[in-house]
Every structure is written in structure tokens, then in C-alpha cells.
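As C-alpha cells, the structure follows; a few thoughts come after it.
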Protein chains: 2
Amino acid sequence: MIRDAERTKKLLLKAATDEFAAYGIAGARIDRIAASAGVNKAMIYSYFESKDNLFDTVFNAMTSASLEQVVFDVADLPGYAGRLFDSFEDNPDTVRLTTWYQLERPHGTPLHAVVASNAAKLHELRGAIAAGTLPDRFEPVEFLALVRAVVLSWSTTVPELGPAVPKDRARRRAVIVDAVRRLIAFD
Amino acid sequence: MIRDAERTKKLLLKAATDEFAAYGIAGARIDRIAASAGVNKAMIYSYFESKDNLFDTVFNAMTSASLEQVVFDVADLPGYAGRLFDSFEDNPDTVRLTTWYQLERPHGTPLHAVVASNAAKLHELRGAIAAGTLPDRFEPVEFLALVRAVVLSWSTTVPELGPAVPKDRARRRAVIVDAVRRLIAFD
DNA sequence: GCTTGTCAACTAAAAAGTTAGTTGTAAAAT
DNA sequence: ATTTTACAACTAACTTTTTAGTTGACAAGC
């Protein structure tokens with residue numbers, strides 16, 4: 001039997017990511033994570049102190065990866081929206097984990113990486129508004145919230161609407177990109 | 001001790017609504033609901049079969065009430081968005097319960113009231129597009145998804161953005177109404 | 001007295017977390 | 001080069017805590 005702590009940790013993190021994305025913090029089962037990783041349960045407590053701490057590790061890793069993946073471009077917000085949409089479609093776990101986090105950790109410590117990334121985006125937006133590249137009808141934080149909300153359109157859709165939602169991913173993407181274009185348009 | 005089955009049920013439903021909104025299905029605790037309602041735990045099982053069934057009851061009641069409260073007006077989508085926003089701000093539990101439901105009940109039975117209400121909205125939207133009242137760049141379902149997403153802008157905001165979010169509710173409302181106005185504008 | 005509402009105490013099962021002991025590995029000692 | 005030693009990786013079984021759900025006794029109103 002080979003022994004490889006790093007490999008074991010990776011297996012656990014992968015399994016934990018799937019489990020938390022599917023069931024949330026309260027719904028996740030330590031035994032299920034261990035079984036699905038093919039690793040002994042005690043290893044979880046050896047490498048990650050507790051269930052809560054395991055979730056934090058998973059969430060931080062996911063968030064960092066997600067932030068790096070999608071580059072912000074204040075000169076092309078519709079393009080940014082499209083890339084963000086692609087990222088969410090390719091990694092639906094990201095959206096679910098973030099939603100669980102917001103629901104189950106209403107007072108979680110703000111992640112430094114996210115704070116920094118948002119500050120940078122707000123700063124760029126402020127600059128673009130000042131320079132006249134973007135209209136001044138919305139504040140920077142308002143642009144950011146609106147773009148994010150529009151990108152999440154198909155995720156926040158109620159299940160009852162499900163069957164009517166366009167099957168074609170390209171179409172769903174085009175709707176979002178076009179909507180953002182209209183939000184930032186000069187009259 | 002006074003005996004009033006209806007009163008007891010109401011107390012339990014109120015407590016259960018708060019509990020499920022705060023902690024979700026997996027995170028909710030039957031003992032906490034009973035304690036917060038000031039009612040014995042066994043009453044829950046007497047009036048509502050199980051934890052799952054209690055959640056369904058809470059969710060159906062909340063959904064029906066929420067649907068009735070906000071009237072749809074295809075001739076004034078920005079106004080509808082504003083009223084929906086007000087409803088969500090006044091009853092934040094509604095948004096949380098719906099989100100929990102989407103996460104924890106991915107294959108829940110579609111609620112008849114919601115299905116009917118959505119069908120009616122889609123039908124009206126189709127009519128408005130055909131009549132030229134609304135632009136034809138988006139399908140009915142796309143309008144609905146976009147409007148809902150925009151209304152939820154401040155709810156889907158990541159916590160790290162929290163401090164930057166406008167404190168003024170009227171301003172947050174105005175942003176949403178204006179955004180919807182732009183989405184339905186003719187060029 | 002019979003039905004229905006209420007309650008405290010109980011049960012069974014599930015879940016998180018722990019422990020005592022085993023095994024592989026790699027470096028030090030021979 | 002082999003053996004020894006030390007430690008990290010690992011395991012199975014265990015303990016403790018939590019939680020959904022139950023029961024049987026008692027009380028209130030008809």
C-alpha cells in the first residue's frame with residue numbers, strides 16, 4: 001500500500017467539495033466524504049481539524065481558483081459577463097458552494113482574496129465612470145451587483161420555470177451578454 | 001391551561017418558518033422549533049407528520065402568500081420589479097426559503113400555484129411582444145428570468161461586497177427599477 | 001365517560017469525533 | 001549493504017453527542 005499524504009489530502013478535498021456542493025454544511029456527511037474518497041474517516045480529522053474547518057478549506061480553495069479563472073475587464077463588461085457565465089456553467093459547484101456559504105455562514109469572515117478582488121474592480125469601475133467610458137447613472141458597486149445578478153439569471157430561476165428555460169447554452173449566454181450591454185449603454 | 005389546536009398550529013408554523021429560513025431543512029432542529037413556539041415537540045408530529053412535511057407546509061404557505069402579494073403587470077415591468085423588490089425586502093425569509101428549497105429540494109414536486117402563475121405571466125409577455133408593447137429581442141421566459149435576477153441583485157451579492165452596498169433602500173430600489181427599464185427599452 | 005390536546009420522558013439511530021494500535025518509508029547506525 | 005529506529009500515514013473499532021421520532025400518562029372540554 002502506497003502512502004502519500006498529499007494525495008490523500010487531495011482526494012479528501014475533492015470528495016468534500018462534491019459533498020458540500022451537493023448537501024451544504026449541515027447536510028454533508030463526514031462518513032460519506034471518507035467513503036467517496038476511499039480514505040479513512042480519521043484522516044479528515046488529522047488533516048482538517050473539524051467538519052467546519054474542512055468546509056472553510058474547500059470554500060477558500062474553490063473561491064481562489066474561481067477568481068483567478070475569470071479576468072475582469074472594465075472596458076468590456078459584456079465580455080466579462082460572458083466569461084463569468086461560462087465559468088459558472090462549467091463549474092456549477094462554484095455557484096452552489098457560494099450559495100450555501102451565504103445561507104449557512106451569514107457572518108463568515110470575509111475572504112481576503114475576494115475583498116481585494118472586489119476593491120480592485122470597484123476602483124476600475126470608478127475610473128471608467130470618471131473617464132466617461134461608463135455612464136454615471138450607477139455607482140460602481142451597483143454595476144458590479146447588477147452584472148453579477150444578470151450572470152446568475154438562469155441559476156436564480158425558480159424550478160417551476162425550468163422546462164421553459166432555453167436548452168441552448170449559447171442562447172442563454174447571448175441573453176446575458178446582451179442584457180449587460182444594455183445596462184451600460186449610453187442613452 | 002387553554003386548549004386551542006388552531007392557535008398551536010399557527011405558533012408552530014411561525015416558529016418553523018423562522019427556523020427553516022435561518023437554517024434550511026438539514027440545519028433546522030425540531031426541538032428548537034418546539035421551544036421557540038412554546039409548544040411540546042410531540043405536537044409537531046401530531047399536526048405535521050414529519051420534519052420534511054412540516055417544511056413543505058411552511059414552504060407552500062409562504063409561496064402562496066408571496067404570489068398573492070405581488071401583482072404582475074406586463075404593461076409596467078419596472079413597476080412590477082419595484083413591488084417584487086419591496087416584497088423581498090419586507091419578507092427576507094421568502095428569499096431565503098426559496099433558496100434553501102432550490103438547493104435542498106432539487107427534484108421537489110413543482111407547486112401548482114407557481115406553475116400556474118408562471119404560465120400566466122409567460123402568456124401575457126408573449127402577448128405584449130406580439131403586440132409590440134415589448135421588444136422582441138428576448139423570449140418571454142428570458143424577460144422573466146432577467147427581471148427576477150435583477151430584483152434579486154442585492155440578495156445575490158457576495159458578503160464581501162456588503163459594506164459597499166447602498167444603505168438607502170430607496171436607492172437600491174431605484175437601481176433595480178431603472179435596470180429593468182433599460183432591459184425592456186426599445187433602442 | 002369519551003374524545004382530543006398536551007406533556008415529560010423515552011428510544012433508536014445517526015452523526016461527529018477519538019483512540020489505541022498497525023504498517024510503510026526513509027534516514028541513521030552498524 | 002543490511003539492519004535498526006523513529007516517525008508519519010493509516011486503520012478498525014470505539015465513544016459521545018445529537019437528533020428525529022414515539023409513547024403512555026394526564027388533563028380539559030364536551
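The analysis underlying the following values was restricted to heavy atoms, covering all of them including side chains, and did not include hydrogens, waters or symmetry mates. Here is how names work: the chains are called A, B, and so on, in the same order as the sequence lines, proteins then strands, and each is numbered from 1.
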query = Do B:Glu89 and B:Arg173 meet the salt-bridge criterion of a basic N to acidic O distance under 4.0 Å?
reply = no
What does [X] touch in the nucleic acid at a heavy-atom separation under 4.0 angstrom: a base, only the sugar-phosphate, or nothing?
{"X": "B:Tyr47", "result": "sugar-phosphate"}
{"X": "A:Ala28", "result": "sugar-phosphate"}
{"X": "A:Ala26", "result": "nothing"}

Think [X] has a side-chain N or O under 4.0 angstrom from the OP1 or OP2 of [N]?
{"X": "A:Tyr45", "N": "C:dG17", "answer": "yes"}
{"X": "B:Tyr23", "N": "D:dT19", "answer": "no"}
{"X": "B:Asn40", "N": "C:dA8", "answer": "yes"}
{"X": "A:Thr8", "N": "D:dC10", "answer": "yes"}

Separation of atom [atom1] in [X] from atom [atom2] in [N], rounded to whole Å:
{"X": "B:Glu6", "N": "C:dT6", "atom1": "CD", "atom2": "P", "result": "11 Å"}
{"X": "A:Asp31", "N": "C:dA13", "atom1": "CG", "atom2": "C1'", "result": "13 Å"}
{"X": "A:Asp52", "N": "C:dA15", "atom1": "CG", "atom2": "C1'", "result": "14 Å"}
{"X": "A:Glu19", "N": "C:dA15", "atom1": "CD", "atom2": "C1'", "result": "12 Å"}
{"X": "A:Ile30", "N": "D:dC14", "atom1": "CD1", "atom2": "C1'", "result": "17 Å"}
{"X": "B:Lys41", "N": "C:dC10", "atom1": "NZ", "atom2": "P", "result": "13 Å"}
{"X": "A:Asp4", "N": "D:dC10", "atom1": "CG", "atom2": "P", "result": "7 Å"}
{"X": "A:Arg7", "N": "C:dG24", "atom1": "CZ", "atom2": "P", "result": "16 Å"}

Between [options], spot the one nearest the side chain of [X], thanks.
{"X": "A:Arg3", "options": "D:dA9, C:dG17, D:dG21", "result": "D:dA9"}
{"X": "A:Met43", "options": "C:dT6, D:dC10, D:dT22", "result": "D:dC10"}
{"X": "A:Ala42", "options": "D:dA20, C:dT19, C:dT6", "result": "C:dT19"}
{"X": "B:Lys51", "options": "D:dA8, D:dG21, C:dG17", "result": "D:dG21"}

ask   = With a distance cut-off below 6.0 Å to the six-membered ring centre and an angular limit of 45° from the axis, does B:Arg137 pair with B:Phe143 as a cation-pi contact?
value = no
request  = Using the six-membered ring of B:Tyr23, assess whether NZ or CZ of B:Arg96 lies under 6.0 Å from its centre and within 45 degrees of the ring axis.
outcome  = no
ask   = According to the interplanar angle, ranging from 0 to 90°, do the rings of A:Phe72 and A:Tyr80 count as parallel (below 30°), tilted (30 to 60°) or perpendicular (above 60°)?
value = perpendicular
ask   = Quick one: the side chain of B:Arg29 and the base of D:dT18, do they pair up donor-acceptor inside 3.5 Å?
value = no
remark   = Interatomic distance, OG1@A:Thr8 vs CZ@A:Arg3, rounded to 0.5 Å, equals 9.5 Å
